[in-house]
A.B. asks: 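Below you will find the structure I want to go over with you.
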Amino acid sequence: MYTFRPILMKLVPKVKLSTLGWVGVGMVTFVVFLAIFAPLLTPYDPTRTVGPGFQPPCWEHPLGTNKIGQDMWSRIVYGARTIIIVVLLSTAISMLIGVPLGLISGYVGGLLDRILSMIMDAIYAFPSLILAIAMAAALGPGIINTAIAIAIVYVPTYFRMVRGQTLSIKEQLYVEAARAIGANHMTILVRYIFPNVISIITVVFTLSVADVVLTEAALSFFGLSVPAPTPDWGFDLKAGHPYLLSGYWWLITFPGLMIMILAVGFTFIGESVAEYFQAMEVRT
Amino acid sequence: MDEILRLINIRKWFPVQKSFLERLLAKEKLFVKAVDGVSLTVWRGETLALVGESGCGKTTLGRLIVRLIDPTSGRIIFNGMDITDLRGEELRRLRRKMQIIFQDPYASLNPRMPIGEQVAHPLKIHGLAQGSELRDIVMKTLEQVGLTPPEKFYNVYPRALSGGQRQRVAIARAIVLKPELVVADEPVSMIDVSLRASILDLMLMLKQEFNLTYIFITHDLAVARYIADRIAVMYLGKIVEHGPSELVFENPLHPYTKALLTSIPVPRPLKEPKRVELKGEVPNPINPPLGCRFHPRCPIAGEICRREEPELREAENDHYVACFYVT
Amino acid sequence: MEEILKMRNLKAYYFTREGVIRAVDNVSLSISRGELLGLVGESGSGKSSLGLSIVRLIPPPGRIVDGEIIFRKMDLLKLPEKELRNIRGKHIGMIFQDPLTSLDPLRKIGDQLIETIIVHTRVNKEEAKEIALRALERVGIAPDRFDDYPHQLSGGMRQRVMIAMATMLNPDLLIADEPTTALDVIVQSRIMDLLSDLKRSMKMAILLITHDLALVIERSDRVAVMYAGELCEVGSSEKVSQEPLHPYTQLLLESIPNVEKPRTKLIYIPGSPPDMMNPPAGCRFWPRCPKVMNMCKSIPPRPLELDGRMVRCHLYNGGLESGG
Amino acid sequence: MTSLKVFVIARLLLVIPTILLLVSLVFFIMRVMPGDPVIAIVGMKAPPERVLELRKALGLVDESGNPIPLPIQYLNYLANLFRGDFGRSLIWGKRPVLVEIMEHLPATIELAIAGFLVSIILGVALGTLGGWKGGKTNSAVKIYSAITYALFIPWIGMMFQLLFAVWLKVLPVGGRIDPGLEPPMITGLYLLDSILTGRWDSFVSALRHIILPSLTLGLVISGIFSRVARTSVEEVMRQDFVIAARARGIPEHRLVIHVLRNAFIPIMTMMGLQLALLMTGAILTETTFSWPGMGTFLFERIEYRDYTTVQGTVVFFAIIISLINLVVDILYAYIDPRIRY
C-alpha cells in the first residue's frame, strides 16, 4: 500500500545540538575512537603481564601498571570496547522490546495495557542496580548475559515513555482525522503514531544511555559483568581500590575517569537533544 | 426534497472517567449526557448549521454523524441506509461518502507528513488512484482550495504553514474523496479574523462545485447566518429550536435562542439591542435539570416546565421549537 | 476628560535567537477616566504585548526599548521596581484571557484575594476578608465560594473572581486582555455588562484588548486598531464603525459576518498577516491593501490627526477629501 | 467521608497487589532464568550430596529428593513470605535472612538519610535558583546537574578517600565509627543514639565517618534533584498565574513561595521515584566506604553465592519500595487538592 523506505530514512530525526551537546559528542567520540582503533593505539596485550607491578605512570607505561604488571593504558583502551559493546547491545535489546510493547499497549489499551503497565511500573520502581545484580547473578557472567541483564532493567524506561506518548498522540486530532479518512489500525500506528513517537524515543535513548553506562560499570565493579582477564573499567576500578591507602592513585583514577567521560558525554548529548525537542514542541 | 441524513433519537452518554481507585469505591456510574435524544433530518445540498454554546453537545453530535464515535442509542440513516452498526471494512467504505473538517488546523494535520501526502493519503487508503494520476488529483485539489501554486505546497510539512493554509489543507483532504456530506466542526473559529471570510467563501464555492451537503457546527451565530440554509440550536444535548435560517433569525421562538441572538455583539446595529437576560450558567450535563432543561435559567418558565420535558413541535411552517410557552 | 494614562512612542521588542520581533512599535495612545477603550488586533498584532508593557511585565526575551508611559504624572518606565509593584494591583488592575490558569491552582480563591489586599494596604486579615467578600458580592459571587479552589468554579465565575481581584482596591485603570475569549456569548455579554457597570460606578478607565471587532465597537467608547505592532486607526467607536478611514479597518468591518444581515457578500482581506520578524517596508499593510499606492511600498506613513481621530495612512496626506 | 480519606484507603488497598507483583517478579527472575543456580553456587564438580542438600535448602526438591513443580514452589515461596520468612542463609550458619537484614538495615538508613539531606539541600536549592533566575545561572545549574548525575559513585568516593583520607589525612577512609566507640543500641542510628545517650566521643567519631559517604551519595543524587527542581520551577514560572500575581503587585519573596509550592509536586514525585536511585547509590557507596549496611552485606553475599540471602534481600527491597511509594502518593494527594477528585 505504501513504501517503508521514506519512514526508515526518517528514523533518525534531525536534531540541532547546543554547544553542550557538541561537547558531549566530542567526549563520546573520543571513547568510541579508542574502542575502534584499540589494536593500533596499544603496544601491549591488555591481559598479559608486561612489566613490574604497581609502576607509576612512566614512558613505557603512560598510565602505569597494576598489581600483576598489566599495562593500564592498554587495559583502558580495550576496556572501551567492552563497555561500548555491552551498552549498544543492551540498549538495542531494551528498545526492541520496549518500543513495540509501548506502542501496542498505548494504542490498544484495555486489559493488555493494564497488565503490561503494572509489570513495567513494578520493574521501573525497583532499584535498577539491585535488579540488574539479581539478574546478572542468576544469568552468570559474560558480555551477552550482562547485556541482557541490563536490557531488562531499561525496557520499562522505553515502554513507559513510548506508551505515554502513544496515549497522548492517540487523542490528537490528526489521528481522529486519519480514522475519518478510513485508515485502518495498522496504517494509523505506522504512519500517524510511530513517526511522532520517534522524537521521544531519541530523547529516552540519549538520556538513558548514560544510565546504562553507569549500570554496566557498577555490575563489573561487583564482578558480575565479563569474566576476569577481560579489560573492563569497573572491574579495574575495584581491583585498584585496596591499594588506595598505599597511594597508588593511577590504578583508580584512570578507569573511573573514563567511565565519567563516557557517562557525562552521553548526558550532555541527552540534555541537548531533550531541550531541542522541547523547543520544537513549543513551536508547533 | 431529497433526504441525505436522518438522525432518530440519538443519544451519547460518556461514562465519567475515573481512576482505577475511584471506580473501586464508586457506588453508581455517572454519565455525561453529551447528546441526549436528538432527531434531525438533513436535506441533500443544504447547509445545516448546528449552533450552541460550548458543552452543548454539538461537536459530539458531529462526530456521531460521521461515526467517529458510537451512539449510546438511536439510529443514523444515511442515504436511506442504516449506518448505526457498520463496522470494519463497511465503515471504512462509508468514509468515502462522508467527511469531517476539524476546528483546530494546528492539531488535525499529522506534523510528520508532507502536505501532498496528507491529501493523497485518503485516495491511497481507498485505492482510488496511484502514481501520476494520484499526483495530478492532489495538485488539482490543492489548487481548488487556493493553495497555489500547488507545487510549492506539495512537499512542505504543516509546521511551515499558517493556520488559514492548514485549514485549506484539511478541507482539501476532506473533499479529495468527493464525499456527499461534510461535517465542518467550527472550521473558522481558530483562524485569524481577517482570513475567516475567505475560508467561508471557499467552503461555499466548493459546495457548488461538488454538490456537497454541509453540517456546519459553530458557536458563532453570525457565521451561521452567513453560511447556513437551516439552523438547529442546541442546549444541553438537545435541539431546542430549528428551522430555516431566515425564520430562526428574524423570528426566534425559544427564549434561549432569543438570549443567544441578543447577546452577540453587532458591529453596526440596525436596531437597538433589547437584551434577553439569563440567570446562572449552563448546568452540569451529568445531572441535567428535570423537566425542561432550560427552566432554571428561563425568564418565562412556569410550573409545567419543572415537571415535563417539552417536545420539538412545528410552531410555524417548517419552524420547530421545544417550549411550552410558544404559541 | 482627565487623561489617566498616556503612552508616547512606546516600543517593545522581543529579541529572539532568530531575530527581533517588533511587537509594539511606536505606539502613542491615551485613555481617560471613565472611558472604555477597545484595542483590537489579530493574533500576533502586538496588542497583548502592549497591555503587558504598560505594567512592565513583558516577558523575556521581550523588552521595552523606548518611549514613555505617563500614569498619574509618573513615568512608569522610569519608576523603581518597588514603587511600580505598589501600582500594579492597586492603581492598575489586570485580567487575562484564561481565568483558570491566571489563578494559583493550589490556593483557595479567598486566600488569593486576601493576599492581594494585605500586600497593598495596612489592614489586618479580618478587614481584608471583609473587603474581599464585598468585592466578590459586587461581581455576583456568593460568599460561600470564598474557600473554593479555582478548579471548583465555572469559567464565568473564575473570570468574575479575577475581576473582583483586579478592581477591589479601586484602581484607576483596568487592563482586560481578551477577558471573554474563553467564554460563551451569553457569559461574555454578562461579563461585559459587569465591566461597563464598574466603569460607570467607579469611574474606572478600562483598556479592553480583544480580537473581536464587533465586541469592541458595541461596548467601547473609543477604538484603537492595531496591525503588525502599529496603531493604524484610533477614534470614537461610532465614527470608526460608521466611516472607517484606514483600509484595514474598512476591510475588517466588511469581513465580519453580521448576524442581523442575511448573507451579504463578505469582502475579505487578501494575503495573510505579515511575518513580524521581517515586516514589509513602508506601510506594513501594503501587501494586502487594495488601495496601495507606490509610495506605500517604501515610505512608512506617519500618524495623522483627522476629524478628531488618528489614522496612519498615505491616503489622507492631503486631508480627508482627497482620500476615501 | 472526605475524598482525601477515600483516596488513602483505596491507595492502601492497592499496595497489596503491587507487593505481590514485585515479589513474584523477583521469584521468576531468580527461578525461571536459564542456568542452574545450584551449579552456579557450588560449581560443576561438587559432590552430589552437597547438591541435593542445596536443592532442598532452595525449596527445589522435597525431603525425599523429588522435584517440586514450579507453581508449588511459587506458592511455598509466597506462603513463607507471608509468614515473614525470607529464607535462611545457605552458608552463614543458616541464619534467617530477615535477622541479618535487620542487623544491617540501620546503617543503611543512617547513610540514606544523611545522603538524602545533602542531596535535597544541594539539589533543590541549586535547581530552584537556576529555574528562578534563568539565563546564565540556569545554564550553570544545568551543567552541574548533568555532570553530577553521571558521576560513578565508587570513583568519586575513591577520589574523596584519596584526597581527604590518604593525602590530607583529615577524615577516616572508611567504616562507620572508630572501634570501641559504638553507642548503646537504641535506634541503631549511631548519630542519634550517641546524642540520646550523651556519648559525645561516639557522636564525633560517627560524624567524621559519615561525612565522605553521605557527601558522595548526596552529590550524585543532587544531580537528578537539581534537574527536576530546575525544570519544574521553570515550568511554573511560565504559567499565567505567575504573571497575573505580578500584575497584582505580589512581591517576589511571596511569589517564590507560591511558585515553589506548585513546583513541589513534581519535585516530590521525583523524590519518591529517586528513593530507588538512593538505594542503588547506597549500595555502591557502602561498598566503596566499607560501610556495614545492606549494600556491603548484599555485595558480600553475592561474592559467596549465598543465593537465598540475595533473593531475600531483593524481596525485602521490593517491599520497602512499595511502601515508600505508598507514602509518597498519599502525601501527593494531601498537597494537591485537584487529584483527590
Side-chain angles (χ1 to χ4, degrees), chain B residues 51-56 146 161-165 188-202 204 218-229 245-246 249-250 256 259-271 273 275-284 297, chain C residues 40-45 140 153-157 180-190 192-193 210-220 227 237-238 240-242 244 248 251-273 275 285 288:
Chain B
V51 300
E53 295 176 285
S54 52
C56 72
L161 304 188
S162 70
Q165 288 170 326
V188 295
S189 70
M190 290 185 72
I191 309 288
D192 274 325
V193 186
S194 68
L195 302 175
R196 279 183 193 173
S198 62
I199 299 281
L200 290 177
D201 275 3
L202 170 68
L204 286 174
T218 181
H219 69 280
D220 188 334
L221 286 155
V223 166
R225 175 149 212 193
Y226 181 68
I227 200 154
D229 305 308
S245 192
E246 283 320 298
F249 280 105
E250 291 304 327
Y256 177 65
L260 265 186
L261 273 171
T262 53
S263 294
I264 319 169
V266 178
R268 294 178 210 170
L270 303 173
K271 43 200 174 205
R275 197 156 289 144
V276 175
E277 299 275 350
L278 291 187
K279 300 169 272 194
E281 289 182 41
V282 184
N284 189 341
R297 306 177 69 195
Chain C
V40 274
E42 296 179 72
S43 52
S45 62
L153 305 178
S154 73
M157 276 154 80
T180 57
T181 307
L183 308 171
D184 283 316
V185 274
I186 292 177
V187 182
Q188 161 175 299
S189 149
R190 281 160 57 199
M192 289 312 302
D193 288 346
T210 176
H211 69 277
D212 190 340
L213 184 59
L215 179 74
V216 155
I217 284 172
E218 188 188 64
R219 296 291 188 156
S220 55
Y227 184 80
S237 303
E238 201 167 297
V240 171
S241 67
Q242 295 305 328
Y248 177 62
L251 286 172
L252 211 52
L253 273 165
E254 295 297 328
S255 73
I256 317 172
N258 186 333
V259 77
E260 291 189 349
K261 287 187 218 153
R263 212 171 277 185
T264 37
K265 186 77 192 139
L266 291 186
I267 293 172
Y268 42 86
I269 310 179
S272 35
D275 172 11
F285 187 59
R288 305 175 74 186

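Letters A, B, ... are given to chains in the order of the sequence lines, protein chains preceding strands, and every chain is numbered from 1. Below, each value reflects all heavy atoms present in this structure, side chains not excepted, and no hydrogens, waters or symmetry copies.
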A.B. asks: Measure the spacing between CG of C:Asp184 and CD of B:Glu281 and express it to the nearest 0.5 Å.
C.D. replies: 9.0 Å
A.B. asks: Who among B:Leu261, B:Leu221, B:Leu278 has the most heavy-atom pairs with chain C under 4.5 Å?
C.D. replies: B:Leu278
A.B. asks: Quick one: what part of C:Met157 sits under 4.5 Å from any heavy atom of chain B, side chain, backbone, both or neither?
C.D. replies: both
A.B. asks: Given side chains that start at C-beta, do those of C:Ile217 and B:Pro265 come closer than 4.5 Å, heavy atoms only?
C.D. replies: no
A.B. asks: How long is the straight-line distance from OG of B:Ser263 back to CG of C:Asp193, given to the nearest 0.5 Å?
C.D. replies: 8.5 Å
A.B. asks: Could you tell me the separation between the CD atom of C:Glu42 and the CD1 atom of B:Ile191, rounded to the nearest 0.5 Å?
C.D. replies: 11.5 Å
A.B. asks: Could you please spell out the steps behind the side-chain contact (heavy atoms from CB on, under 4.5 Å) verdict for B:Leu195 and C:Ile269?
C.D. replies: CA-CA 7 Å; B:Leu195 302 175; C:Ile269 310 179; 5.9 Å; no
A.B. asks: Looking only at non-hydrogen atoms, find the nearest pair between B:Ala197 and C:Ser255 and report the distance.
C.D. replies: CB-O, 3.6 Å
A.B. asks: Where on C:Leu215 is there a heavy atom nearer than 4.5 Å to chain B: the side chain, the backbone, both, or neither?
C.D. replies: both
A.B. asks: Give, as side chain, backbone, both or neither, the part of B:Asp201 having an atom under 4.5 angstrom from any heavy atom of chain C.
C.D. replies: side chain
A.B. asks: Does some side-chain heavy atom of B:Tyr256 sit less than 4.5 Å from a side-chain heavy atom of C:Ile186?
C.D. replies: yes
A.B. asks: Under a 4.5 Å heavy-atom cut-off, does chain B meet the side chain of C:Pro270, its backbone, both or neither?
C.D. replies: neither
A.B. asks: Looking at C:Met192, C:Gln188, C:Arg190, which one has more heavy-atom pairs under 4.5 Å with chain B than the rest?
C.D. replies: C:Arg190
